[in-house]
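The figures here come from the full heavy-atom set of this structure, side chains too, leaving out hydrogens, waters and symmetry mates.
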Amino acid sequence: MKPSYIFAAIAGILVLVFAVYMVDIDQTEETRLPDVDVKIEGGQLPEFEAEVGDIETGTKDVTVTVPTVDIQSPEEDAKEDG
């Protein structure tokens with residue numbers, strides 16, 4: 001290990017130790033939530049009328065011709081050529 005890495009590691013540890021012991025935080029007052037008074041009166045949701053079309057669903061059998069796909073890797077092309 002290079003001496004510069006050792007020096008940097010020692011310096012980092014010293015900075016960390018110094019930072020931990022240099023800061024001292026004490027709680028001086030307890031937390032208190034604010035007092036909230038809420039008065040709720042009845043509300044009303046909006047009302048809508050909508051006219052929509054009819055949708056008919058169902059199934060039916062259909063025959064579909066599907067093309068065949070032949071995929072060859074570069075190794076297969078080399079075997080055919082050689």
Side-chain angles (χ1 to χ4, degrees):
M1 232 178 167
K2 293 185 177 181
S4 60
Y5 290 128
I6 295 172
F7 178 71
I10 292 172
I13 292 171
L14 288 175
V15 167
L16 182 63
V17 169
F18 180 74
V20 168
Y21 287 103
M22 187 67 178
V23 177
D24 184 23
I25 299 173
D26 295 322
Q27 184 174 357
T28 58
E29 193 172 330
E30 293 292 322
T31 303
R32 184 177 58 88
L33 295 175
D35 295 327
V36 178
D37 293 326
V38 178
K39 182 178 178 183
I40 299 174
E41 296 180 11
Q44 180 179 341
L45 293 174
E47 206 171 288
F48 297 97
E49 288 184 18
E51 294 181 18
V52 295
D54 293 332
I55 299 175
E56 294 181 19
T57 59
T59 60
K60 75 177 179 180
D61 293 330
V62 177
T63 303
V64 178
T65 305
V66 179
T68 57
V69 178
D70 184 25
I71 300 174
Q72 292 183 348
S73 66
E75 293 86 17
E76 292 175 349
D77 287 339
K79 288 179 185 176
E80 289 179 4
D81 292 339

Worksheet item: Rounded to the nearest 0.5 Å, how far apart are CD1 of Ile13 and CD1 of Ile10?
Response: 7.0 Å
Worksheet item: Any side-chain heavy-atom pair from Ile40 and Val38 closer than 4.5 angstrom?
Response: yes
Worksheet entry | Validation row: Pro46, Phe48 side chains within 4.5 angstrom (heavy atoms) | yes
Worksheet item: What closest approach, in Å, do Gln27 and Glu29 show between heavy atoms, and which atom pair accounts for it?
Response: NE2-O, 3.2 Å
Discussion item. When you group the ILVMFWY residues by side-chain heavy-atom contacts below 4.5 Å and let the links chain together, are Val15 and Phe7 in the same group?
Written reply: no
